[in-house]
Amino acid sequence: MAPYTDRRNALLAKMPPNSLAVVFASPMRIRSRDTDFVYRQNSDFHYLTGFDEPEALLVLVRGARAQKSLLFCRAKDELRERWEGERLGPKSAPKRLGVDAAYPSSQISRRLPKLLMDKERLFMEIGEAAAEQQVLGFLGEIRMSREAHRAPKHVDLLGPLLHEMRAIKRGDEIELMREAARISSDAHHRAMRTAQPGMGEWQLEAEIVYEFMRRGARAPAYTSIVGSGANACVLHYVENSAVMQDGDLVLIDAGCEYKHYAADITRTFPVSGRFTEAQRNVYEIVLRAQLAAIDACKPGNLLDAPHQAAIREVIKGLVDLGLLEGDLDMLIKEDAHQPYFMHGTSHFLGLDVHDVGARKQAKDWRTLEPGMVLTVEPGIYMVKESVPEQYRGIGIRIEDDVLITESGHEVLTEDAVKTITDIEALMGGMSG
Ligand code: GLY
Ligand code: MN
Ligand code: MN
């Protein structure tokens with residue numbers, strides 16, 4: 001309970017007097033007819049409450065002097081609970097969650113307009129149409145009412161206040177991310193040990209998900225990508241439906257969600273356990289780029305520094321392979337890597353796989369700070385028709401999760417092997 005109460009108080013302290021913030025729980029989503037997707041709480045809501053039921057609303061009220069946290073949640077209902085499982089209910093919520101008061105969700109339309117009246121400013125996120133409509137409806141009601149109440153004059157995004165808190169991971173958040181990283185590393189190892197020519201990509205996906213679930217991570221943090229051969233060049237390939245061929249590489253981009261926190265790992269390895277010479281050449285470039293980018297992960301560096309380091313190594317490598325020609329700095333200036341490396345190197349990671357937090361301040365990249373977690377994931381994709389035959393269709397990405405520390409960084413996913421020697425050793429002891 002403590003971290004959630006502390007976070008609500010920290011957010012309230014950032015809100016100006018006479019303001020209100022609303023954070024809605026995620027709705028249930030239909031998968032087919034009367035069957036729902038597995039429920040996943042909205043990350044902001046989870047961060048502030050640790051409460052994972054749908055049909056809930058958190059209201060933070062910052063008065064002129066006092067402040068309070070109010071929760072709306074599903075009422076107890078014996079019959080529904082027989083079918084769907086226990087509900088916390090508003091009576092137990094204050095003691096269990098540390099909120100100041102709780103009411104049944106059915107009272108939102110009666111109570112929320114009153115809370116909104118005469119406040120100067122409302123903070124909310126944009127993105128859940130039904131919730132937004134409901135709040136805008138209440139604002140309209142207050143504006144139209146004959147009573148002398150006023151609706152908030154300003155409606156602001158909550159993100160800039162809340163997401164800056166989420167961008168810096170603290171205390172047990174880091175421990176949960178370490179565990180997500182450990183489970184995901186082991187899942188990649190399981191896939192490497194299992195892979196064989198003739199297996200389906202979906203079968204490696206199954207190995208990955210099996211490892212996640214048996215370790216208590218009940219879902220992938222995003223749909224797993226298992227792309228063999230040229231499928232590796234489709235950046236978000238999720239069909240995972242091809243049969244893997246001898247001589248091909250397979251790129252797996254998969255990470256679990258453990259207690260709401262994501263890992264995000266990519267490894268690329270030979271289906272048969274041995275890299276060909278052409279694959280080795282490209283792999284070594286991507287690995288050098290990734291290590292250079294990880295080296296650039298330290299406090300005070302710009303958030304863009306890892307990407308710049310990766311670009312330099314990728315371009316150098318492509319020159320060595322004879323795919324690019326010219327002066328290194330000129331090639332960097334011209335973005336010569338783009339046809340081969342067409343995505344960014346980093347994003348924040350946390351409760352969401354592409355986690356929140358501003359990347360720039362005004363137009364400038366922000367600096368890295370202790371507690372930030374980011375991915376480092378350069379790649380090379382040989383999709384240009386003009387690449388020599390032996391490289392055509394090769395797609396390689398290597399992705400790790402990096403925590404910025406006071407003295408530099410900690411690679412959360414360092415257990416997952418990534419040198420050619422270590423991968424070949426793990427896959428069959430045939431390295432040499
Ligand atoms: N797995 C999605 C990404 O790497 O950004
Ligand atoms: Mn990824
Ligand atoms: Mn990523």
Side-chain angles (χ1 to χ4, degrees), residues 40 43 166-167 169 177-178 180-192 201-202 204-205 207-209 211-212 217 219-228 231-240 249-258 260-269 283 286-287 289-294 296-297 303-307 309-311 314 340-357 359 368 372-381 395-404 409-418:
R40 166 55 158 82
S43 296
R166 279 181 53 192
K169 277 69 184 175
M177 293 194 76
R178 285 197 186 105
R182 276 193 290 266
I183 294 170
S184 303
S185 299
D186 289 344
H188 279 263
H189 289 169
R190 173 180 281 277
M192 286 179 195
E201 293 166 345
W202 66 94
L204 284 193
E205 183 183 7
E207 296 294 332
I208 294 265
V209 174
E211 188 67 23
F212 291 171
Y222 52 92
T223 308
S224 307
I225 296 168
V226 183
S228 61
N231 292 336
C233 296
V234 179
L235 299 179
H236 282 173
Y237 172 82
V238 288
E239 282 83 3
N240 304 347
L249 293 174
V250 57
L251 179 156
I252 301 185
D253 184 344
C256 72
E257 183 177 291
Y258 181 73
H260 295 84
Y261 284 83
D264 184 4
I265 302 182
T266 307
R267 289 292 182 266
T268 310
F269 57 88
Y283 192 91
V286 179
L287 185 57
Q290 207 238 5
L291 294 173
I294 290 175
C297 292
L303 180 53
D304 189 39
H307 188 50
I311 287 173
V314 165
Y340 303 93
F341 171 25
M342 61 296 279
H343 57 75
T345 295
S346 299
H347 54 81
F348 287 132
L349 183 73
L351 286 169
D352 291 303
V353 64
H354 296 158
D355 208 33
V356 295
R359 291 148 61 90
L368 293 168
M372 289 178 170
V373 178
L374 59 152
T375 64
V376 177
E377 50 179 308
I380 292 180
Y381 312 90
I396 294 171
R397 180 165 65 252
I398 307 173
E399 175 174 27
D400 282 304
D401 305 339
V402 179
L403 166 71
I404 306 296
H409 62 252
E410 172 187 336
V411 179
L412 301 176
T413 46
E414 71 180 348
D415 290 352
V417 298
K418 63 180 174 185

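In what follows, every heavy atom counts, from backbone to side chain, and hydrogens, waters and symmetry copies are set aside. Atoms within each ligand, like the ligands themselves, are counted from 1 in listed order.
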Exercise. Would you mind checking if Lys418 and Asp400 are paired as a salt bridge, meaning a charged N to carboxylate O distance below 4.0 Å?
Key: yes
Practice problem: Please work out whether any backbone atom (N, CA, C, O) or any side-chain heavy atom from C-beta onward of Asp264 is under 4.0 Å from ligand 1, and answer side chain, backbone, both or neither. | Solution: side chain
Quiz item: So is His354 close enough to ligand 1, meaning a heavy atom under 4.0 angstrom away?
Solution: yes
Quiz item: Is there a donor-acceptor contact under 3.5 Å from the side chain of Asp355 to the main chain of Asp352?
Solution: yes
Quiz item: Counting backbone and side chain alike, does Glu399 bring an N/O/S atom below 2.8 Å of the Mn ion (ligand 3)?
Solution: yes
Quiz item: What atom name does the N, O or S atom of Glu377 nearest to the Mn ion (ligand 3) carry?
Solution: OE2
Quiz item: Any donor and acceptor pair, going by atom type alone, linking the side chain of His188 with main-chain N or O of Ala254 inside 3.5 Å?
Solution: yes
Exercise. Would you mind naming the N, O or S atom of Asp264 nearest to the Mn ion (ligand 2)?
Key: OD1
Practice problem: Provide the number and element of each atom of ligand 1 under 4.0 Å from a heavy atom of Asp253. | Solution: 1 (N), 2 (C), 3 (C), 4 (O)
Exercise. Show which atoms of ligand 1 fall inside a sub-4.0 Å distance from at least one heavy-atom site of Glu399.
Key: 4 (O)
Practice problem: Return the orientation label for the His236 and His354 ring planes: parallel under 30°, perpendicular over 60°, tilted otherwise. | Solution: parallel
Quiz item: Okay, side chain of Thr375, backbone of His347: is any donor-acceptor separation there less than 3.5 Å?
Solution: yes
Quiz item: Does Arg267 reach the main-chain N or O of Val250 with its side chain, forming a donor-acceptor pair under 3.5 Å?
Solution: no
Exercise. Just give me the atom name: the N, O or S atom of His347 closest to the Mn ion (ligand 3).
Key: NE2
